[in-house]
Every structure is written in structure tokens, then in C-alpha cells.
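In what follows, chains carry the letters A, B, and so on, assigned in the order in which the sequence lines appear, proteins first and then strands, with residues in each chain numbered from 1. Excluded from the calculations below are hydrogen atoms, water molecules and symmetry mates; all remaining heavy atoms, backbone and side chain alike, are included.
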Number of protein chains: 2
Amino acid sequence: MARTGRPREFDKEQTLERALELFWSRGYGATSIQDLVDALGVERGSLYAAFGDKRRFYLEAVRLYWEVYERHLITALDTSPLLPALREILTHPARLDELISDRGVPQGCLVGNTTAELVPQDSEATKIVTRSYRRFTDILAGALRRAQAAGEVTDTHPPEAQAQLLLYVVQGLSLVSRAGLDRTAALAAIDTAVDGLRA
Amino acid sequence: MARTGRPREFDKEQTLERALELFWSRGYGATSIQDLVDALGVERGSLYAAFGDKRRFYLEAVRLYWEVYERHLITALDTSPLLPALREILTHPARLDELISDRGVPQGCLVGNTTAELVPQDSEATKIVTRSYRRFTDILAGALRRAQAAGEVTDTHPPEAQAQLLLYVVQGLSLVSRAGLDRTAALAAIDTAVDGLRA
DNA sequence: CGACTTCTTGACTAGGCGTTCAAGAAGTCG
DNA sequence: CGACTTCTTGAACGCCTAGTCAAGAAGTCG
């Protein structure tokens, strides 16, 4: 049983990654199926067969984006002292690598972009986005709690409030950076935020 | 000379305000001309005659939005002590009135939404957005400088860096709020930010 | 080999989009 | 009144969109 048919000619995971790049740089609405066909080298019918309609395709890309980012976040923050790592995280919100760099244009955080474009109209997008924000604050609050206990971070405010504030900072930085990034000003702001947490 | 023709039957300014509301809640791409015709009660041809094409119409709305917000900002921050006023500003980023309230759904900041949707592809949108951010930080930096001199705000970091950070916080809060607002968590984060500025 | 399953291709459909425009309505001014 | 200008109306245009589907290709397995 389960006769297997003709094998897929393209790598599904890799195609999703490339679609993610396109969706990330252009947004959901401004990326047409034709754009995807051209960029991915996969015909329309195959895309529909593999990923369902455009919306599902996009949401899948957002899921992948967050999955990668979350792994990065957990790894990076599992350290002591926390604040230098936190500073790193804050300087890399949009691109996992090069937000503050010369190459490439900052394109924000895909979760944040999705928030602006699809939320709250699209309920599934809202669920993904809400969940991502929740994970972010949970992970940060955990790290901050440990750092408070270690005396590295001030305990004048609860770690949850500090984590929520950092979510705003990251998302704000990601968004504003799309309009052009002044590295010096951004770094000064980040340092102000990080120093505000110091015990 | 200058024979005047048939007078316009609708109020241009008021129509722009109502279009602003629509663009604000749905975004640029998701608001069709037909939506505008239906909501404004003005036929397509008249809209085109009065406002040019859709893009100009939208950008005009963004300009109006910022103009109103900037006036509000300047007025609200022209006070001493500064921090209570600043806290007010931070709690009202999205709606000038009721971001943190029960009625209505937060729809973010129109400038921020524009950043996510049109920047950096659209150069005119980028100019408007960049200028708005610049005005925001200039106004805040001025107020913070005075408050530093008065000994109300810490001078461990320059007012420009503090202002840039607050821009990120406001934009981040506006954006994240679209996905649902936890009043308590948001207020706790804002208090954390404001207390971090205290001398 | 031949039956079966799945994938690929690209033409096709239907609908929505932004935009235009010609004809008529409603004013002003000489 | 009649000439002139501007605004209103809504049909029409061309384009692009997301999505479908039938025919053929490329595998697997009995």
C-alpha cells in the first residue's frame, strides 16, 4: 500500500525559506503569487499543491521565522552575566545577523510586520503573533528573574514588566529601522535601555 | 477672471478625516477605493478630482495624522514636572484618546503602520515617516533636556538617547497593542520605562 | 511491463482593483 | 439670460490578482 508517486522536484523546506525572505522584504499584500513563482522557480500549481493558498503559505513562513528566532533567543540568553547578551539581542531584532550593519536594508521583524498588516483582521495571524510575543516575554522574564536574583539586574520592577518593556523596545526598533537606521543613535538608545536595568 | 464653477458638495477636510479613520483601521492596501466611496458617501470621480490618486490620498491622511499628533505632543510636554506628562503620552500612542480603554480596538500609530506597509519601497512615504520620527525625538529630547537641567530626569545618558528609546517604546507599544492589549502589563512596562528616567 | 500515484506545467477563469472619462448638474459672473 | 467653470455621477477600461484544472511527465511497486 501507499504507492508513492512522482517525487517533488524542489526542496520544500528550502523553498519555504526563500519565500520567507520575499515575504519579509515585501510584505504579504505586496508579494504576488507571480512574484513567488518567479523568485522560487516553482510553478503556481506546485506551490498550491505543496503549501495551500497564499495565506497559509505566508503564515507558515511566519511560523518558521519565529521558530528560528526563538531558538536563537533561548540560546543567547542562557548565560551570565545577562546584560551583555541582552544588548546583543536588542541590536539584532530585525535581521538575526546584520540589522546594524552596512549590508542590506533593515526590514523589521516579520512578526511585527505581520502585526501591522494582518492583525487584528486575520484571526489566525493574530494567534501566531500573540503567541510569539508571549514566548518572547516569557523567555526574557525568566532570564531577568535569574539576573535579578544574581544581583545583576535591578529589582525595583518585576521581571515581567521589564520583559514587556523590552518587547516594545525591540519591536519599536525593528519598525523604525525600516525607515533608515542611524547606528549611533540606535546604539545609544539601546545602551540607555540596558543601563536602566542595571542593579 | 477666475470664474468660480460649481461648488464642491462635500467638506474636503472632514472627508479627509474620515478617510484617515478608514486607512488607519484597515491599512493602505486593504482599503479599496470602493471602500472609501461607500464609507465617505463621495463618488469615485469626485475623490480623484479632490485628492488625486489613492496613494496621494493616503499620504495626505498620514500628514494630517502626524500634524494632529505633533500638536498634542508639544502641548502635553510643555509642563513641569515632565515625567507624569510623559507617562500620559506613552499610554496614548495609538489613539490620541483611548488606547488603554475598553472601547475600540487599538489600531497602532498610523505612522508606524505606514512604516511597516510602505517603507522603504515608497520614497515619499519614507520621507514623511522619517520626518515624523525626527520631530518626535526632537520634541522629546528638548523636554528631557529641560527636565535633566531641573534635576527631574537622570543625566547618565544624553536626552537624545533617551528620546530615541522612548520613540522605540511608543512605536513598539502601538504595534504590539494591535494584537491585543493587556492594560496591566502595558502600564507596568511604561512605569518601568518612566522610572528608569528618574534622577 | 503496466498499473498506480503524485507532481509539473501553463493556460484559463472569475473577480477585484485603481483609474479615466463623457455627459449632465450646479453654481458664478458679465 | 447665456457663457463659462467646476463638480458629480457611474459606466467602462485594462490590468493584475488568487486560484483552478486537465493533460502529461516521472516516479514506485506488483
Side-chain angles (χ1 to χ4, degrees), chain A residues 1-20 22-62 113-114 117-118 121-125, chain B residues 1-20 22-62 113-114 117-118 121-125:
Chain A
M1 74 218 52
R3 297 274 214 109
T4 70
R6 175 177 176 177
R8 188 177 285 125
E9 286 184 1
F10 59 95
D11 182 321
K12 190 172 173 183
E13 196 67 15
Q14 179 185 326
T15 300
L16 181 58
E17 285 171 21
R18 294 174 60 189
L20 159 52
L22 212 64
F23 279 134
W24 193 3
S25 65
R26 302 198 196 177
Y28 174 75
T31 307
S32 71
I33 300 288
Q34 193 57 51
D35 290 337
L36 291 164
V37 168
D38 294 343
L40 306 178
V42 178
E43 287 299 334
R44 319 165 73 77
S46 300
L47 288 181
Y48 275 91
F51 299 103
D53 65 13
K54 182 184 173 187
R55 191 172 147 275
R56 300 219 73 79
F57 198 9
Y58 179 80
L59 294 179
E60 207 52 51
V62 176
N113 298 351
T114 303
E117 190 169 1
L118 298 184
Q121 275 81 15
D122 186 311
S123 72
E124 195 171 347
Chain B
M1 76 227 48
R3 296 274 214 108
T4 71
R6 175 175 175 177
R8 187 178 285 124
E9 287 184 359
F10 60 94
D11 182 322
K12 191 173 172 182
E13 197 66 17
Q14 179 187 324
T15 299
L16 181 59
E17 286 170 21
R18 293 174 60 189
L20 158 53
L22 211 63
F23 279 132
W24 193 4
S25 66
R26 300 197 197 179
Y28 175 75
T31 306
S32 71
I33 300 287
Q34 193 56 51
D35 290 338
L36 290 164
V37 168
D38 294 344
L40 306 178
V42 177
E43 286 299 332
R44 319 165 75 77
S46 300
L47 287 182
Y48 275 89
F51 299 103
D53 64 14
K54 182 185 173 185
R55 189 171 148 277
R56 301 218 71 79
F57 198 9
Y58 179 79
L59 294 178
E60 207 52 51
V62 176
N113 297 351
T114 303
E117 191 168 1
L118 299 184
Q121 275 79 18
D122 187 311
S123 72
E124 194 170 347

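- From A/Leu40, atom CG reaches atom CZ of A/Phe57 across 5.5 Å, with rounding to the nearest 0.5 Å.
- Among the atoms of the strands shown, only primed sugar atoms or phosphate atoms (P, OP1, OP2) are found under 4.0 Å from some heavy atom of B/Phe10.
- Two residues, B/Tyr28 and B/Gly45, neighbour DNA chain C, and the one matched to the more 5' nucleotide by heavy-atom proximity is B/Tyr28.
- Separating the CD atom of B/Glu9 from the C1' atom of C/dA25 is a distance of 9 Å, rounded to the nearest angstrom.
- Taking atom CZ on B/Arg8 and atom P on D/dT9, their separation rounds to 13 Å, with Å as the unit.
- For A/Pro7 and A/Lys54, each mapped to the nucleotide of DNA chain D holding its nearest heavy atom, the one lying further toward the 5' end belongs to A/Lys54.
- One can place CD1 of A/Ile33 at 16 Å from P of C/dT8, the figure rounded to the nearest angstrom.
- Following rounding to the nearest Å, A/Leu47 (CG) and C/dT6 (P) show an atom-to-atom distance of 19 Å.
- For A/Glu43, the listed nucleotide lying nearest its side chain is C/dG10; candidates were C/dG10, C/dC7, C/dC17.
- Nucleic acid contact for A/Ser46: base, since at least one base atom lies under 4.0 Å from a heavy atom of the residue.
- Expressed to the nearest 0.5 Å, how far OG1 of B/Thr31 lies from CH2 of B/Trp24 amounts to 13.5 Å.
- Between the A/Glu117 side chain and the A/Tyr28 main chain, a donor and an acceptor come within less than 3.5 Å of each other.
- One can place CZ of A/Phe57 at 15 Å from C1' of D/dG19, the figure rounded to the nearest angstrom.
- Across the protein-nucleic acid pair, B/Phe51 atom CZ and D/dT8 atom P stand 11 Å apart, rounded to whole Å.
- The distance from atom NZ of B/Lys12 to atom P of D/dT6 is 14 Å, rounded to the nearest whole Å.
- Distances were taken from every side-chain heavy atom of B/Thr4 (C-beta onward) to each of D/dT8, D/dA18, C/dC29; the shortest belongs to C/dC29.
- With a cut-off of 3.5 Å on both pairing distances, the Watson-Crick or G-U wobble partner of D/dC21 is C/dG10.
- Rounding to whole angstrom units, CG of residue B/Asp53 and P of C/dC17 are separated by 16 Å.
- Of the listed nucleotides (D/dA18, C/dT19, C/dC29), D/dA18 has the atom at the smallest distance from the side chain of A/Arg44.
- No donor-acceptor pair closer than 3.5 Å links the side chain of A/Lys54 to the backbone N or O of A/Ile33.
- Comparing A/Arg6 and B/Tyr48 against DNA chain C, the residue whose closest nucleotide sits nearer the 5' end is A/Arg6.
- Summarising the base pairing, D/dA26 is matched to C/dT5 through a Watson-Crick or G-U wobble pair whose two defining distances lie under 3.5 Å.
- Taking a 6.0 Å sphere around CZ of B/Arg55, one finds it holds more than 12 heavy atoms contributed by other residues, nucleotides or ligands.
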